[in-house]
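What you are looking at is a predicted structure, and each value in this text was computed from that prediction instead of being measured.
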Amino acid sequence: MSFDHSGLRAQFPILNAGPGPLHYLDNGASAQTPQAVLDAVLAYETTARANAHRGVHRLAEAATDAYEGARAEVARFLNTPVDEIVFAGGCTAAINLVAHSFGATLKPGDRVLVSELEHHSNIVPWQMLRDRAGIELDALPVTEDGRIDLGALPRLLTERTKLVALAHVSNVTGAALDVPEVAAAARAVGARVLLDGAQRAPHGPLDLPALGVDFYVFSGHKAYGPNGIGVLWARAELLEAMPPFLGGGSMIGRVTLARTTWAPPPRRFEAGTPPIGPAVGLGAACHWMASLDWSAVASHEMSLVQRLLDGLGEVPGARIFGPAGLQRRYPVVSFLLDGVHPHDVAQTLDGFGVAVRAGHHCAQPLMERFDLDGTTRASLAPYNDASDIDALLKGVAHAVRTLR
Amino acid sequence: MTDQLYHERIVALAKARTGDGRLTAPERTAQRDNPLCGDRISLDLTLDAAGRIAALGHKVRGCLLCQASASVLSAVAVGRDADGVAALRADAEAALAGQGGGAYEAFAPVAAHKSRHECVLLPLQALTDAIVSRQ
């Protein structure tokens, strides 16, 4: 299988903006944006900019249509009812929304189960809920190859567990979660499941109802969309039962000085003027992603991961932190170089036009578990090619030669 | 550009690891983290009767720039009081502003890399914490 890689790459203006070649392998932190998304945002800002769900004039109608059209695109991408899509400021904001609103339905002594490899955004909100509401927080351990150890589920998942909140794909190791196993185990004790999809959503459409989970969150800027926008999906009955997180305009039924009633979901969770332009961009990004042949894209991305794993395998003192093979993983690869700090690797790679992330990746408990200062991480997108991997390997060889 | 940053002298400073190792009976201890990258330094001091640094030891878990900065600091800190430490920090900040830098002159190429300034300053922040603390 193949796809028009050069045609796809040409859709991303920044990749050819110079100066010099750009080997962008920091997609796990923030992916680049195709022209179709830029065009959609510009079209909204220049032909339909107004507030949504408020005015009756022509532009207000157009803004509302654009915003709700974006919601429909996201729903199609996730294969969900449109009213189950809540726009939030990002993935972090979406998890905080669940921690406050679903968290408000929990009682002291109830438990939330996370894992040791979670991003801070899927740890800290639950710690804050613990301190606020008296719940207990448990963490699944991680295997030596950087996967959540589901063998610990029988020990840590109890009838007191009300929510299991895990990364669909690790932002450090690239390991993919065995979702059916988690969903079945959670269902058996009556617990809900939240997946942090920040690293999964950029790799193709999802069928969330079929996944068997209850909440799903992802970020726009990691999925070829703008900054400042993210998505919470939740089953309708859960959203209906949850109180609002933020109060203000739009999220109300009726306000008197004595009391306020809430709007139905999703508006109940979208207080104030929403980020309309970013939502429009995210809708366009979902439409763009849905237009790709993901079977071909995945083959392409995984061939690049194999090239990277093979190349690093020939570097003395290089070690992969994560799954060694291509099974149940996504194109996020962390590695270590003996005697060279990850930040110095990343800085050296920048000199070769290679953009990667280095450090703790907002996963300090995982770093502590493995006694690591950090890792160097290459995270891929459909527009990457062999020249990006080869440039990284050339830079790694230089770092070993000059800094070790 | 990267080779300018990791020039021979700065690499040598990092590899020298001057002052590496904790003191067995410190009078002052400070720990500093860089929350952005996770770098950490733990730094111990003993002081003489006049409040000047008599001995310094440190443990750095950090990048080459942080290691090199800790080496420079360890080489020139003994005999300094709080004002002397402040002067040292001023030297480092001058280097990072591209304006000389005294003992920190080797760090001049870091001036162009703002995201790495904290790597250089972290040991100085720990030293400042330690010398001004009342323990």
field: Within-4.5 Å side-chain heavy-atom neighbours: A/Thr402 and B/Tyr6
entry: no
field: B/Gln31 atom CD, over 12 foreign heavy atoms within 6.0 Å
entry: yes
- request: Report yes if the side chains of B/Arg116 and A/Asp344 come closer than 4.5 Å at any heavy-atom pair, otherwise no.
  value: yes
statement: NE2 of A/His360 to CG of B/Asn34, rounded to nearest 0.5 Å, is 7.5 Å
query: Is there a side-chain contact (heavy atoms from CB on, under 4.5 Å) between B/Arg61 and A/Asp371 once you walk through the steps?
result: CA-CA 11 Å; B/Arg61 290 197 69 160; A/Asp371 193 26; 2.7 Å; yes
Min side-chain heavy-atom separation B/Leu64-A/His341 under 4.5 Å: no
statement: Separation between OG (B/Ser115) and NE2 (A/His343), nearest 0.5 Å, reads 8.0 Å
task: Specify the closest pair of heavy atoms between B/Leu5 and A/Gln347, including all atoms of both residues, with the distance to one decimal.
output: CD2-CG, 3.4 Å
query: Among B/Pro35, B/Cys37, B/Cys66, who wins on heavy-atom pairs under 4.5 Å with chain A?
result: B/Cys37
statement: Whatever's closer than 4.5 Å to a heavy atom in chain B on A/Arg357 counts as neither
- prompt: Taking B/Gly38, B/Gly62, B/Ala14 one by one, which has the highest count of heavy-atom pairs under 4.5 Å against chain A?
  reply: B/Gly62
- request: Side chain from CB out, backbone as N, CA, C, O: work out which of these in A/His398 comes under 4.5 Å of a heavy atom of chain B, or both, or neither.
  value: side chain
- prompt: CG of B/Asp39 to CG of A/Asp373: how many Å apart, nearest 0.5 Å?
  reply: 7.5 Å
message: Taking CZ in A/Arg369 as the centre, count heavy atoms belonging to other residues, nucleotides or ligands within less than 6.0 Å. Is the count above 12?
response: yes
